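This report refers to the structure that appears directly beneath it.
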Amino acid sequence: MIKKLSRNDLCWCGSGEKYKKCHMEQDLLLMDMKRKGCQIPPRKLIKTEKQIDGIRRSSQLTCRILDMLEERVRAGVKTIEIDSWVHEATVKAGAYPAPLNYKGYPKSTCTSINNVICHGIPDETVLQEGDIVNIDVTCILDGYYGDASRMYMIGEVSDEARKLVEVARECLTLGIEQVKPFNRTGDIAYTIEQHANSHGFSTVQEFGGHGVGLEFHEEPFVPHYGKRDAGMVLVPNMVFTIEPMVNAGSHKCRILADRWTAVTVDNSLSAQWEHTVRVTGDGVEILSQL
Ligand code: MF3
Ligand code: CO
Ligand code: CO
């Protein structure tokens with residue numbers, strides 16, 4: 001049994017401040033929202049300053065690795081080579097690639113080409129002029145996870161492919177703009193889906209963003225489709241990813257026999273961008289950027 005905190009007790013968050021000067025007001029607001037039926041975050045999802053520093057450092061390493069790839073990813077490169085570059089850069093920085101052996105995943109990164117939505121496994125496949133490829137990198141640095149991904153266009157790509165990549169990036173940006181205290185995951189979801197739909201594209205439903213930082217995948221699930229005013233309430237120092245997967249055709253996906261690779265059912269193109277973000281006192285901080 002935990003004693004209910006009094007105004008003058010030290011706050012539960014470990015700041016060393018009195019409860020009344022720290023999280024008391026927020027807790028009262030959240031209790032009210034809970035009474036009205038909102039899903040509110042458990043305290044364990046609110047990171048400490050120390051944890052945020054660690055997640056920021058890890059996410060920035062992820063960003064630097066994705067930067068490094070910008071110069072190298074081009075026609076003629078095998079996805080397995082990309083995987084080894086990511087692996088080496090991660091280990092060299094004193095970190096570990098989170099995907100490797102995660103639930104049996106065999107490689108250090110995901111490389112998802114053209115109709116592959118996500119979780120493409122690096123192999124002998126050679127990138128071709130006109131391909132679009134998502135590379136998804138997650139570092140574990142000092143025990144903290146930083147997760148981000150980008151699209152890379154190989155040489156000249158079709159107008160449709162370029163448009164899809166751009167719109168997916170706008171979806172991420174617009175989704176991030178919805179992140180502020182007391183907004184909800186549904187506000188992110190709705191904004192992203194509407195933007196994709198307005199260009200005739202769809203958003204994937206089976207996969208989404210996720211809490212991240214102390215583990216690879218934490219609560220909440222952050223959908224990229226659905227209604228406003230739904231899902232978990234956002235509060236300062238929650239950390240999660242937004243990672244819209246946008247399809248040129250149907251939103252539906254199918255998993256290949258390798259039990260990882262997710263592809264579009266209609267073989268239409270798919271594009272994805274991902275950042276790790278933190279809710280601040282009045283908005284958002286993108287952790288996976290320099
Ligand atoms: N990085 C992916 C994400 O954004 C997860 C990859 S899981 C793996 O959530 F096992 F495929 F690596
Ligand atoms: Co992620
Ligand atoms: Co990722």
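No experiment lies behind these values; they were computed from the predicted model shown. The first residue of the sequence shown is numbered 1, and numbering continues consecutively from there. Atoms within a ligand are numbered from 1 in the order they appear, just like the ligands themselves.
- For ligand 1, the polar-atom distance check finds an N/O of Asp136 within less than 3.5 Å of one of the ligand's N/O atoms.
- With a 4.0 Å heavy-atom cut-off, ligand 1 is reached by no atom of Lys103.
- Not a single heavy atom of Thr241 sits less than 4.0 Å from an atom of ligand 1.
- None of the N, O or S atoms belonging to Asp136 lies under 2.8 Å away from the Co ion (ligand 2).
- The Co ion (ligand 2) does not have His217 among its coordinating residues (no N/O/S atom, backbone or side chain, under 2.8 Å).
- Ring geometry for Phe201 versus His199: interplanar angle under 30°, hence parallel rather than tilted (30 to 60°).
- Residue-level proximity to ligand 1 for Cys110 is carried by the side chain, the only part with a heavy atom below 4.0 angstrom.
- Judged by the 6.0 Å and 45° rule, Arg150 forms no cation-pi pair with Trp273.
- Checked against the Co ion (ligand 2), the N, O or S atom of Glu274 at the shortest distance is OE2.
- For ligand 1, none of its N or O atoms has an N or O atom of Tyr102 under 3.5 Å away.
- At a 4.0 Å cut-off, not a single heavy atom of Phe207 sits close enough to ligand 1 to count as contact.
- Remark: distances from the non-hydrogen atoms of His210 to ligand 1 include one below 4.0 Å.
- Between His217 and Tyr102, the two ring planes are tilted [angle within 30° to 60°].
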